[in-house]
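Read through the structure below, which is laid out as structure tokens, and then see the notes.
Letters A, B, ... are given to chains in the order of the sequence lines, protein chains preceding strands, and every chain is numbered from 1.
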Protein chains: 2
Amino acid sequence: MTEMSSNSGSGGGATGRIGIGLELDATHLKILEVLRDNGRVSVSALAERVGISRANAYTRFEALRADGVIKRFTAEIDHQRAGLGIVALIFVTVRQQMWRQFRAQLAQMPEVEYCAITTGQHDAMIQVRMADVAEVHAMVTERLANIPAVKATETVFILDEVLRRPYVLPSDRGRGAQRRPAPSASPEPEQGQGQGQGQGLPLGKMRFVGAAEGRAALRDES
Amino acid sequence: MTEMSSNSGSGGGATGRIGIGLELDATHLKILEVLRDNGRVSVSALAERVGISRANAYTRFEALRADGVIKRFTAEIDHQRAGLGIVALIFVTVRQQMWRQFRAQLAQMPEVEYCAITTGQHDAMIQVRMADVAEVHAMVTERLANIPAVKATETVFILDEVLRRPYVLPSDRGRGAQRRPAPSASPEPEQGQGQGQGQGLPLGKMRFVGAAEGRAALRDES
DNA sequence: GTTGAAATTAGTACGAA
DNA sequence: TTCGTACTAATTTCAAC
């Protein structure tokens with residue numbers, strides 16, 4: 001369960017089209033906003049908060065669900081109180097030609113909360129939640145490292161989870177600090193922080209990390 | 001909104017106690033299991049699935065909520081269809097003594113879905129969701145890099161989100177592959193793990209990454 | 001901790017704008 | 001499409017056991 005395949009149209013031929021089905025308008029986004037903070041609101045209350053009629057709310061709600069925009073409803077828990085207060089990230093290097101096996105093994109690991117294939121130095125990032133540090137160690141050494149597909153791992157612990165949003169919406173933009181003026185590179189007029197970057201983009205600070213060797217080829221296999 | 005502070009009792013004096021309030025029994029966990037997959041079930045249906053009476057379900061449900069074990073209910077959406085199909089991880093090195101500012105700035109960024117303080121080479125990991133790759137670039141160079149607290153960043157893109165579970169529960173263990181024998185640091189009779197783990201654990205494969213310089217001191221400031 | 005009945009609310013199905 | 005209303009079914013609450 002809980003398998004995804006968001007980006008990258010899985011190797012197939014057709015381009016991963018965006019916006020199949022529903023065309024989301026402002027009202028849809030508003031519904032998703034309400035649902036993000038209270039997934040258990042009644043559709044009546046939802047209609048009220050969004051400012052539409054009940055019937056309309058039912059229609060749209062059902063449409064969002066049927067169209068797959070809303071995948072499911074769930075809860076957010078306090079992991080500490082639930083007994084799993086230790087979080088770790090495990091960066092995995094996967095052996096070529098063994099992605100399918102790697103994925104299969106992952107599905108067998110209930111302690112894995114999140115797994116994503118990434119560009120950069122490693123191939124995948126796994127987030128696990130455990131009761132104590134020793135369990136993380138055991139998991140990495142006894143379970144993960146025993147998977148033939150796993151070539152190497154690198155583990156870091158999460159000291160504090162500063163922020164977590166269930167999801168981000170396009171309508172969220174503009175609520176925070178300054179909004180991005182133009183689509184691409186636009187020079188910000190001021191910003192007097194003598195940090196050294198003279199209003200230009202401190203590109204030296206940034207470092208994009210490309211995909212590891214042979215990554216592209218591997219995607220097809222899975 | 002959506003601020004957390006799970007691990008590491010925030011600098012204060014009292015040890016971060018585990019299990020304040022509710023002592024979760026098997027029934028509580030079962031409730032959380034049901035709620036994970038269907039956050040909108042009626043309490044009646046919940047009671048039925050868990051195998052307890054309605055009133056009992058209401059009591060426990062309310063207790064979990066009031067005690068903070070359940071923090072909120074929310075939805076899971078298809079980000080691609082919602083218009084934000086690009087995911088990136090930004091690993092941030094934070095300047096000493098500027099954690100408070102770093103956190104404050106983060107709260108101003110609605111496109112940030114997740115942020116955690118980590119051990120290892122970097123200080124924090126930020127997950128953002130954007131409409132396209134250019135937006136990620138703009139976000140890193142124009143917004144993040146302009147924060148004085150940010151010393152350096154390293155960005156990787158997520159090619160595929162293989163797996164996401166809303167949360168992991170202690171009761172999940174044992175459903176996957178082989179189970180770990182003992183809970184914690186219980187003296188295992190066999191397996192003379194002098195340090196090099198007796199039964200052939202490929203420890204060479206693993207690499208734990210410690211905290212960056214001056215990390216411990218920084219925690220107090222935030 | 002459980003069961004059963006009353007009160008409230010939610011979900012559905014219409015016609016009208 | 002969206003809205004408003006009436007109808008039906010379900011849920012929540014509250015009582016006693």
Side-chain angles (χ1 to χ4, degrees), chain A residues 17-78 81-83 166-167 169-172, chain B residues 19-78 80-83 166-167 169-171:
Chain A
R17 294 195 302 150
I18 296 181
I20 317 172
L22 267 188
E23 193 69 26
L24 301 190
D25 59 21
T27 306
H28 285 121
L29 292 178
K30 225 168 176 181
I31 290 175
L32 293 178
E33 277 179 42
V34 175
L35 254 24
R36 169 171 52 185
D37 288 319
N38 187 1
R40 275 181 82 88
V41 278
S42 65
V43 183
S44 313
L46 178 66
E48 209 172 4
R49 291 195 202 177
V50 174
I52 56 178
S53 70
R54 290 205 307 156
N56 193 359
Y58 274 105
T59 305
R60 287 168 173 273
F61 182 82
E62 184 48 36
L64 286 170
R65 249 183 160 316
D67 214 64
V69 178
I70 296 175
K71 292 197 288 190
R72 70 169 150 185
F73 292 93
T74 186
E76 248 182 37
I77 68 168
D78 184 326
R81 295 200 189 177
Y167 48 85
L169 293 172
S171 52
D172 288 330
Chain B
I20 318 172
L22 268 186
E23 193 69 27
L24 301 190
D25 59 20
T27 305
H28 285 121
L29 291 178
K30 226 167 174 181
I31 290 174
L32 293 178
E33 277 178 42
V34 175
L35 254 23
R36 169 170 54 186
D37 288 319
N38 186 1
R40 276 181 82 87
V41 278
S42 65
V43 183
S44 314
L46 178 65
E48 209 172 4
R49 292 197 202 175
V50 174
I52 55 179
S53 67
R54 260 91 41 84
N56 192 358
Y58 276 103
T59 305
R60 287 167 173 272
F61 181 81
E62 186 49 40
L64 286 170
R65 247 184 160 317
D67 213 64
V69 178
I70 296 176
K71 291 197 289 191
R72 71 169 151 186
F73 292 93
T74 187
E76 248 182 37
I77 68 169
D78 185 326
Q80 188 105 13
R81 296 200 187 176
Y167 48 84
L169 294 172
S171 51

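Note on B:Arg40: nothing from the nucleic acid sits closer than 4.0 angstrom, heavy atoms only. Contacts of B:Ser44 with the nucleic acid, taken as non-hydrogen atoms under 4.0 Å apart, include base atoms.
Atom CG of A:Leu24 and atom NZ of A:Lys30 lie 15.0 Å apart (nearest 0.5 Å). Atom CG of A:Leu35 is separated from atom CG of A:Leu64 by 8.0 Å, given to the nearest 0.5 angstrom. Rounding to the nearest 0.5 Å places OG1 of A:Thr74 at 9.0 Å from CG of B:Asn38. Here the straight-line distance linking atom CD of B:Glu33 with atom OH of B:Tyr167 works out to 8.5 Å at 0.5 Å rounding.
Between B:Asp25 atom CG and C:dG1 atom C1' the separation is 13 Å, expressed in whole Å. Atom-to-atom, CZ of B:Arg49 to P of D:dT11 comes out at 11 Å; the value is rounded to the nearest Å. A:Asn56 has its CG atom 15 Å from the C1' atom of C:dG11, to the nearest Å. One atom, CG of B:Asn38, and another, C1' of D:dT11, lie 15 Å apart when rounded to the nearest Å. Computed from coordinates, the B:Leu46 CG to D:dT11 C1' distance equals 13 Å when rounded to whole Å. Here D:dT1 presents its P atom at 15 Å from CD1 of A:Ile31, a figure rounded to the nearest Å. Atom OH in B:Tyr58 sits roughly 8 Å away from atom P in D:dT11 (whole-Å rounding). One interatomic measurement links the two molecules: CZ of B:Phe61 to C1' of D:dT13, which rounds to 15 Å at whole-angstrom precision.
Each of D:dT2, C:dG1, D:dC3 was ranked by its minimum atom distance to the side chain of A:Ala55; first place goes to D:dC3. Of the listed nucleotides (D:dT12, C:dG11, D:dC3), C:dG11 has the atom at the smallest distance from the side chain of A:Val43.
Between the base of D:dG4 and the side chain of A:Arg54 there is no donor-acceptor pair shorter than 3.5 Å.
Put simply, B:Ser53 has no side-chain N or O that comes within less than 4.0 Å of OP1 or OP2 on C:dG1.
Closest non-hydrogen pair, A:Asp172 versus A:Leu169, comes out as OD2-N, 2.7 Å.
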